Amino acid sequence: MSGFQAPRGMRDLFGADAAAAAKVESAAYAAAEAAGYQRIVLPIAEESALFERGIGGSTDVVSKELYRLAPHSEESTPLSLRPEATAGILRAYIQHGMRSAPQPVRLVTVAPFFRHDRPQKGRYRQFTTFDIEAIGDAGPGIDIEVIELGASFLVALGLRDIEVHFNSVGCATCRPAYAAALTAHFAPIEGELGEVDRIRLRENPLRLLDSKDPAAVRRAESAPALPGYLCAGCAAHAAAVRQVLAAIGVTLIDAPRLVRGLDYYTRSAWEYLLPGEQGQQGAIGGGGRYDGLAELIGGSATPAIGFAIGIDRAVHALQDRGITIGEVVPPSVVVCGIDEGSLAARIGLASTLRTAGISARADVSTRKIGKQLEGAARDAAVAVIIIEPDGRLSLRIMADGKQADPADEASVLRAVAALLKR
RNA sequence: GUGGCCAUCGUUCAAUGGUUAGGACCGUGGUUUGUGGAGCCGCAGAUGAGGGUUCAAUUCCCUCUGGCCACCCCA
């Protein structure tokens, strides 16, 4: 068992796992496209500066987890593997002048992303997410559309007990005042805080609300609440989102301490959570509004909103609940032959069947017919076509073992088509 | 990135400081050489890597690699 292994935190997906992931991916595209979102396929790498400026140089995602590519030559611009989708999508929006298209521009992608984090179940260095971005609309209507789209996608997958935790993190005008209030609130106990929390106190006090440190948790209970500090615009926006979602049957759970990890979020911020799941499994996705991001990366002011749902985590959650979403489906017809000379005929006939829209494979072995039938039976084939030494074809129905008398190709093709139609 | 637990055929479990590391599943071949998932009989396949201790290491120690858990972070 020596030799090469897949890199740490990166997996080989095959068999049922690959089938499930593919199914979730196609369900994601179907859900998004049905709602008017168009696919966008982006480079797997971008200029490092895009992520540094867009996501925030002080975030863990950029400061510690970014896969920076070794420069190929002295002139080359530093590139990094994408750790998330939003920055790249907004870059494409700006680059291609999508602001002259009808707004909002609705985009969807299901793609792999890379973060150099310590791997764990549900947390991989290469992971796949389902991303939706709606760019160019300040909401709150589009907020509601996007939040509902993600929630109903997860419910339709079979995760009926998904919870939507919602908060408003304010905007550039109201958040500074709240941050100052939090700093003032936690400052008296600075000495009791851990090192990490002390840094947060200085750099991003909102994160203190997320701390697991007992001292910080206790202090957080009496912390001022964000809603009280929202400006009139943000408060009205959040109220509208809550009200309309309630009206259409999407229950929001208020999460005043929910603070998304990336710096660019404004106003609406939410997470899709599975209650009762341990570790990484619970946080299946999250989203937010990022009205300031376009300007940060050199575009004109453009409001935007989006979410990311982890495909890997969704698959794990489904598997943990015993929900089968995808399985390997072998071809329904196997073409066997009595003697080796029939190989060309076997492969040719299998191809003909496929052209006719029937899934089929040839048995390309030199095994005896009994072994060939055994293989077909294990693949749960519906029918087997046996090429007789004289070139005629026998159709055998696997369910009952009935085998018709040898016939010509045209009539066998008709019989197979009729059989599979039932 | 910090701390902890773990590592035997493809899978799942055994065993052991000392001849050929065992079973089950899976795979593969045979089963009077042209008719199926069973049965029977075969075959193949592992101590993650590198060091060390020892007469002897898969077993003890160290490092690395990888997995999992908590933290962190987030999808």
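Just so we're on the same page: letters track the sequence lines, and every chain starts at 1. The structure displayed is predicted, hence computed values, not measured ones.
- Legend: residues meeting salt bridge (charged side-chain N to carboxylate O under 4.0 Å, His left out) with A:D143, ordered by chain and number and at least two apart, are A:R289.
- Rounded to whole Å, the separation between the C1' atoms of B:G48 and B:C43 comes to 26 Å.
- The listed nucleotides are B:U35, B:G1, B:A75; the one nearest the side chain of A:Q403 is B:U35.
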*Fill in the dot-bracket string of RNA chain B, one character per base: . for unpaired, | for a pair to another strand, ( ) or [ ] for pairs within the strand, taking Watson-Crick or G-U pairs under 3.5 Å.*
(((((((..((((....[...)))).(((((.......)))))....(((((..]....))))))))))))....
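- Salt bridge A:E47/A:R53: absent, no basic N to carboxylate O contact under 4.0 Å.
- Within 3.5 Å, no donor on the side chain of A:R118 pairs with an acceptor on the base of B:C69, nor the reverse.
- Here, B:C41 and B:C25 have their P atoms 12 Å apart, quoted to the whole Å.
- Ion pairing of A:K371 with A:D363 is absent here, as no side-chain N (NZ or NE/NH1/NH2) approaches a carboxylate O to less than 4.0 Å.
- With B:U28, B:G66, B:C69 as the candidates, the nucleotide lying closest to the side chain of A:R367 is B:U28.
- For B:U65, the base has no donor-acceptor partner in the side chain of A:R8 [N/O atoms by modelled type, under 3.5 angstrom].
- Among the nucleotides B:G34, B:A38, B:A75, the one closest to the side chain of A:E388 is B:G34.
- Look at the P atom in both B:A70 and B:G50: the space between them is 33 Å, to the nearest Å.
- Side-chain proximity of A:L373 to B:G36, B:G66, B:A75: nearest is B:G36.
- Nucleotides B:C61 and B:G27 have their P atoms positioned 39 Å apart, rounded to a whole Å.
- When each of A:G9 and A:I397 is assigned the nucleotide of RNA chain B with its nearest heavy atom, A:I397 is the one assigned upstream, toward the 5' end.
- Taking the side chain of A:H116 as heavy atoms from C-beta on, and the options B:U31, B:U35, B:G1, the nearest nucleotide is B:G1.
- Rounded to the nearest Å, the gap between the P atom of B:C26 and that of B:C72 is 45 Å.
- Here the side chain of A:Q5 is nearest to one of B:G30, B:G66, B:A70, namely B:G66.
- You'll find that the side chain of A:P119 is closest to B:G67, out of B:U35, B:G37, B:G67.
- Under a 4.0 Å N-O distance rule, the pair A:D312/A:R11 qualifies as a salt bridge.
- Side chain of A:R123, nearest nucleotide from B:U33, B:G1, B:U35: B:G1.
- Among the nucleotides B:A75, B:G36, B:U31, the one closest to the side chain of A:A377 is B:G36.
- The side chain of A:R378 approaches B:A38 more closely than any other nucleotide in the set B:U35, B:A38, B:C69.
- For B:A75, the base is stacked against the aromatic ring of A:F127, per a cut-off of 5.5 Å between centres and 30° between planes.
- Checking the phosphate oxygens (OP1, OP2) of B:A70, a side-chain nitrogen or oxygen of A:Q120 falls inside 4.0 Å.
- With P as the reference atom, B:A15 and B:C74 are 44 Å apart, rounded to whole Å.
- Nucleotides B:C55 and B:G17, compared at atom C1', are 12 Å apart to the nearest Å.
- Side-chain N or O atoms of A:D390 include one that pairs as donor or acceptor with a backbone N or O of A:R392 at under 3.5 Å.
- Judged by the 6.0 Å and 45° rule, A:R39 forms a cation-pi pair with A:Y29.
- For A:F307 and A:F130, the distance between ring centers is under 6.0 angstrom.
- Ion pairing between a basic and an acidic side chain is recognised when a charged N comes within 4.0 Å of a carboxylate O; A:R367 and A:E374 show no such pairing.
- Taking the P atoms as reference points, B:A44 lies 15 Å from B:G10, given to the whole Å.
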